[in-house]
Structures are given as structure tokens and as C-alpha cells.
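In the text below, chain A, chain B and the rest are named by the order of the sequence lines, each starting its count at 1. Not measured: the values here are computed from a predicted model. All heavy atoms count here, side chains included; hydrogens, waters and symmetry mates do not.
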2 protein chains.
Amino acid sequence: MPAGTNDIDERLDAFVAACRQHGVKATHQRREIYRELARTVEHPDVQTVYRRVRRRVPSVSLDTVYRTLRLLDDKGIVCRVACQDACARFDAATERHPHFSCVKCGALLDVCSDELNALPVPASATALGTVTSVHVVFQGVCVACRNGRQRGR
Amino acid sequence: MPAGTNDIDERLDAFVAACRQHGVKATHQRREIYRELARTVEHPDVQTVYRRVRRRVPSVSLDTVYRTLRLLDDKGIVCRVACQDACARFDAATERHPHFSCVKCGALLDVCSDELNALPVPASATALGTVTSVHVVFQGVCVACRNGRQRGR
DNA sequence: ACTATATTGAGATATGTTCTTAGTTAGTAA
DNA sequence: TTACTAACTAAGAACATATCTCAATATAGT
């Protein structure tokens, strides 16, 4: 979900509040890591977040980015998006929504579908256990790649 | 999907045919790797397949299991299942079907839901690109873990 | 402002996966 | 059956992702 500057500030305030609520410190690094996630729709992986945060906080360590994203995922403040490649990718939007994953360029895009989001979990799934989250990924070739344009991550 | 012995033989025949069709050799190792995948519903990872295949083919190398599973995934003969942990897991059933993933023990279970399988891809997804596959994963705690029983991979 | 303690940075380490080379085996098509 | 060649094994190296250890530091509550 795109977000204007004001929006980001609001979300950062909410983030700090969420940290307090969970009893974890809202450190400078964590705020910057969250900001990078909240300000993009790309669902960047850890390395990408690291590279970007380093522009603002040159001393930040890769490990801190790993630790922070894992922590925030555990607390439910951000969420990890399942994708086919090896690396974990993250989303600041924790509300359930499907994704589109391009097998060519690796782009991971948000899909808006109230219909799908409202879809109840089938009994055949709840019979297997307690469902806490639902992940829907459409895989294929994105419009940009289909049109021949190549783009990196 | 579970499979009896006869079923396995049939699927192995189909596997050999699929190899021919794709111009790759249906070697002894590849057949045994496929057999291990077809005979279980656990969606094992590479290491697990390797351990099991070695019982029948002691000389098989880990690298061959990696290479074979990647090749078969590329050809669409098996499919890689997205899961939260680092390692790739595989499924001999290539027909679209949802999975249940247990966050505690890592179990990856098949969900049977004709309803979900029949669900059309929403226009908001096809607008982003050409969809070639749909992955639905319900995440949560499986019945066994909920009941306190622990089980390894 | 002070202090207890959660958090960080840096480097080491673990794990999963792929590649390289060279010599050997075994499918496939004729 | 034979020959061509893809595929295999072995062993090592390389690479990427992710986690750990521990001393130094910054944050939150008083």
C-alpha cells in the first residue's frame, strides 16, 4: 500500500506505540527499518532493507536488520511474505491480502481483492489445526516482463 | 495425496513418459527421487529425500538430489512448495491445491478444497501479469502440536 | 540525570545451495 | 548391440542466507 509522508509519520507513531505495547524498545535503528518497509510497496528482502537503512544510519549492521525484522514479524508488527526464492521478504501491511510474484524479475506486488480477503477459511483447513494466517500468492509473469522490459530487483 | 503401491507404479510410468517428453533421461536415481516424493504426503525437503533415497541407492549424491529436484521443478513435473523456513520443500502433486503449514513443528499438509481450487483468479491479479500458478497456504498450529504432542520433521 | 538492561555492531559461525573438475556409468536411439 | 552423450559420483570450493557471541552502547523508567 503506497503511503504519503504524513502517512509515514502516522505509521511511525503507531509503530512506536506498538513497540511500547510489546515491551520492546523503539530504537533509532528499528524506527528506520520500519520506515523503509512502510515507505515502499516492493516487499524488500533483508539485504535491500539493509542497503537502504544504511543511507540514513551508516553504522547499522546487517544482523540488526535480520534481528529486527524477525522480532517485528514475531510480534505481528510486520509480516513475512512467502515467496519462491530463498530469501525472506517483508511487508509493513499486516492485513491479509494476496500477492503477485513475478518468476522473471522477482517483483512481489500487492493484489487488492476484498472478495478474496473475505473468503472464509475452509473447514478442511481448520480440521488440520488452528489457522492464524492465510497466504495467497499468484505466480506468473508481470506486465513489465511480458512487454519485454527487464528490470532488476 | 496418498498413493497405494499400484498408484505409485502408474505414476512412475507417467514420470518416465514425462521425462521422455521433455528430452531428459529417466535415470535410476531420478526415478527413485521421484518415487520418494510420490509415496509421501509430507512434502519433504532435499535433505530428507536424500536420506530416504540413499536407503535404496546408497551411492546417490546430495548434489544429484538437488539437481534433480530443481530440474523436475523447472519442467513442472514436481513442484516446489513455498514455506516459511529456509529450505525448499517439494510435492509430486502438481495440481493446484492449498497447504496447511504448522509454525511449531514445520509440518506441511495438503488441504482438500474443490471450492478453493475452483476459485477463479481475480481480475486485480490478472491485471498485474499472466498468472501461471496459485499458491494458498494456511499457517497456524496443527492438531498434533495443539494437543501438546511434539514431533520432529 | 541515573541506572538497569535491552539492544547493537563486528566478526565468527552455521546451514542451504550451487558450481567445478575429472573420471565413470548408464539411458537412448539407430 | 553398439555408440553417443547425458547424467552421475566425488571432493572441494564458492556463495548466499541466517544466526550466534560478546563487549560496548543507548533506551526507558525512576
| note | B/E32 CD to C/dA26 C1', in whole Å, measures 15 Å

| d(CZ, B/R31; P, C/dG27) in whole Å | 6 Å

| request: Side chain of A/V24 only, please: which of D/dA7, C/dT17, C/dT7 is the nearest? | output: C/dT7

| said: Assuming nearest nucleotide by heavy-atom distance, tell me which of A/S59 and B/A26 is located more 5' along DNA chain C. | reply: A/S59

| said: Counting only heavy atoms from other residues, nucleotides and ligands, does the tally under 6.0 Å from CG of A/D13 exceed 12? | reply: yes

| query | Between B/V57 and A/T27, which has a closest nucleotide on DNA chain D that is more 5'? | reply | B/V57

| message | Is B/R70 close enough to C/dT18 that one of its side-chain N or O atoms is under 4.0 Å from OP1 or OP2 there? | response | yes

| task | In whole angstrom, give the distance that lies between atom CG of B/D45 and atom P of C/dG16. | result | 8 Å

| request: Considering non-hydrogen atoms only, spot the tightest contact between A/Q47 and A/L62 and give its length. | output: NE2-CD2, 3.8 Å

| request: Identify whether any heavy atom of B/R20 sits under 4.0 Å from a base atom; if not, whether one sits that close to sugar-phosphate; answer base, sugar-phosphate or nothing. | output: sugar-phosphate

| request: Select one nucleotide: of C/dT8, D/dC8, C/dT28, the one nearest the side-chain heavy atoms of B/T68. | output: D/dC8

| B/L128: which of A/V143, A/V111, A/V141 passes side chain to side chain contact (heavy atoms under 4.5 Å, CB included) | A/V111

| task | For A/L69 and D/dA18, give me the distance from atom CG to atom C1', rounded to whole Å. | result | 12 Å

| request: Specify the separation, in whole Å, of atom CZ of A/R51 and atom P of D/dT17. | output: 10 Å

| task | Please state whether the phosphate of D/dC8, meaning OP1 or OP2, lies under 4.0 angstrom from any side-chain nitrogen or oxygen of B/R67. | result | yes

| What class does the angle between the rings of A/H43 and A/H99 fall in, given that below 30° is parallel, 30 to 60° is tilted and above 60° is perpendicular? | perpendicular

| query | Across the strands shown, which category fits B/R30 at heavy-atom distances under 4.0 angstrom: base, sugar-phosphate, nothing? | reply | sugar-phosphate

| request: Could you tell me which non-hydrogen atom of A/R89 sits nearest to which non-hydrogen atom of A/E42, and how far apart they are? | output: NH2-O, 3.0 Å

| task | Report the distance from atom CG of B/L62 to atom P of C/dT15, rounded to the nearest whole Å. | result | 14 Å

| query | If only side-chain N and O atoms of A/Y66 are considered, is one of them under 4.0 Å from the OP1 or OP2 phosphate oxygen of D/dA18? | reply | yes

| message | Can you tell me which nucleotide in C/dT8, D/dT27, C/dG27 comes closest to the side chain of B/K25? | response | C/dG27

| Donor-acceptor pair under 3.5 Å, B/D63 side chain vs D/dC8 base | no

| task | Round to a whole Å and report the spacing from CG of B/L71 to C1' of D/dC8. | result | 14 Å

| task | Determine whether the side chains of A/Y34 and A/R30 contain a donor N or O and an acceptor N or O closer than 3.5 Å. | result | no

| message | Distance check needed: C/dT8 C1' versus A/Y50 OH, whole Å only. | response | 13 Å

| Any side-chain N or O of A/Q47 less than 4.0 Å from the OP1 or OP2 oxygen of D/dT17? | yes

| said: Side chain of B/V46 only, heavy atoms from C-beta on: which candidate in C/dT17, C/dT28, C/dT8 is closest? | reply: C/dT17

| task | Could you check which of D/dA18, D/dT9, C/dT18 has an atom nearest any side-chain atom of B/S61? | result | D/dT9

